[in-house]
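Note that the coordinates shown come from a computational prediction; the quantities given were computed from them, not determined experimentally. Numbering starts at 1 and runs along the sequence shown.
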Amino acid sequence: MKAKWYVVGFFTGVSIAAAFSLLSTPTSGKELRQSIKGKANDSKKVVLNFKEDSKQLVDQLKETTSLTQDSVKDLSSDLMESAWQWKNEVSPHVSQLKSDLKNFKNNLDQLKDRS
C-alpha cells in the first residue's frame, strides 16, 4: 500500500519537473524538438560506431587467436623434432660412455685385485 503512494508521488514529481523545464526553457518548442532530435541522432551514431568498433575488435581477436594457435602448433612441432634429433644424436654417445665407464670400472677392479 505504501509503495503505491511512493510510485504515484515519484511520477507526479517527474511530471511536474518535466512540465516546468519545458515551460521555462529559453528556446521554443520547435527548437527544443530539433535539438532533442539532433542529440538523439548523435547518440545513435555513437552507438553505431561503438557497435562497429566492437565487431572489428572481435574480428581482430579471432584472427589473433587463430594465428597464435598456428604458431603454437608449429613451435611444438619444431620442439618435438629438435628433441627427437637431439636424442638420436646423443644416443650413440651415451652408449659409448656407458661402455667406457664399464671398462674403466673393470680396469679399476682388476687393479684392486692385483694390489
Side-chain angles (χ1 to χ4, degrees):
M1 187 76 165
K2 289 181 181 180
K4 177 182 174 184
W5 289 110
Y6 286 121
V7 172
V8 169
F10 175 76
F11 284 113
T12 302
V14 168
S15 299
I16 291 170
F20 181 74
S21 66
L22 285 174
L23 293 174
S24 65
T25 58
T27 59
S28 69
K30 186 176 182 179
E31 291 173 349
L32 182 61
R33 285 191 299 271
Q34 287 176 348
S35 174
I36 291 172
K37 283 182 184 178
K39 292 192 187 292
N41 287 335
D42 291 344
S43 298
K44 195 179 218 181
K45 288 177 186 177
V46 167
V47 169
L48 290 175
N49 286 339
F50 179 75
K51 182 179 177 182
E52 185 178 322
D53 291 346
S54 297
K55 184 178 178 185
Q56 288 176 354
L57 179 62
V58 167
D59 291 343
Q60 287 176 349
L61 287 172
K62 285 179 182 178
E63 183 180 345
T64 301
T65 301
S66 175
L67 291 173
T68 302
Q69 287 175 344
D70 293 343
S71 296
V72 168
K73 285 178 185 177
D74 291 343
L75 179 64
S76 65
S77 175
D78 291 346
L79 285 173
M80 291 294 286
E81 185 177 332
S82 295
W84 184 79
Q85 287 176 349
W86 179 80
K87 181 181 176 187
N88 287 338
E89 290 174 4
V90 170
S91 287
H93 298 291
V94 169
S95 298
Q96 182 63 40
L97 283 172
K98 284 182 181 179
S99 175
D100 290 345
L101 283 173
K102 186 175 180 181
N103 288 337
F104 183 72
K105 183 179 177 200
N106 288 338
N107 288 339
L108 278 177
D109 289 341
Q110 287 177 0
L111 284 175
K112 283 183 185 178
D113 289 343
R114 288 186 188 172
S115 320

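At a cut-off of 3.5 Å, with distance as the only test, a side-chain donor of Gln96 or Asp100 sits close to an acceptor on the other residue.
Taking CD of Gln85 as the start and CD of Glu81 as the end, the distance is 5.0 Å to the nearest 0.5 Å. One distance of note links NZ of Lys55 with CZ of Phe50; it measures 15.0 Å at 0.5 Å rounding. Note that the CG atom of Asn49 and the NZ atom of Lys45 stand 9.0 Å from one another [nearest 0.5 Å]. Taken from CD1 in Ile16 to CZ in Phe11, the straight-line distance is 13.5 Å, to the nearest 0.5 Å. Atom CG of Leu108 and atom NZ of Lys112 lie 6.5 Å apart (nearest 0.5 Å).
Residues Trp86 and Val94 share a hydrophobic cluster, clusters being chains of Ile/Leu/Val/Met/Phe/Trp/Tyr side chains in contact below 4.5 Å.
In the displayed structure, Gln56 atom CD is contacted under 6.0 Å by more than 12 heavy atoms of other residues, nucleotides or ligands.
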Show me the side-chain donor-acceptor pairs of residues 64-74 shorter than 3.5 Å, one per line, residues at least two apart or across chains.
{"from": "Thr64", "atom 1": "OG1", "to": "Gln60", "atom 2": "O", "distance (Å)": "2.8"}
{"from": "Thr65", "atom 1": "OG1", "to": "Leu61", "atom 2": "O", "distance (Å)": "2.7"}
{"from": "Thr68", "atom 1": "OG1", "to": "Thr64", "atom 2": "O", "distance (Å)": "2.7"}
{"from": "Ser71", "atom 1": "OG", "to": "Leu67", "atom 2": "O", "distance (Å)": "3.0"}

Residue pair Lys62, Val58: steps toward the side-chain contact (heavy atoms from CB on, under 4.5 Å) verdict
CA-CA 6 Å; Lys62 285 179 182 178; Val58 167; 3.8 Å; yes
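For Ser35 (side chain) and Glu31 (main-chain N/O), no donor-acceptor pair under 3.5 Å exists by modelled atom type.
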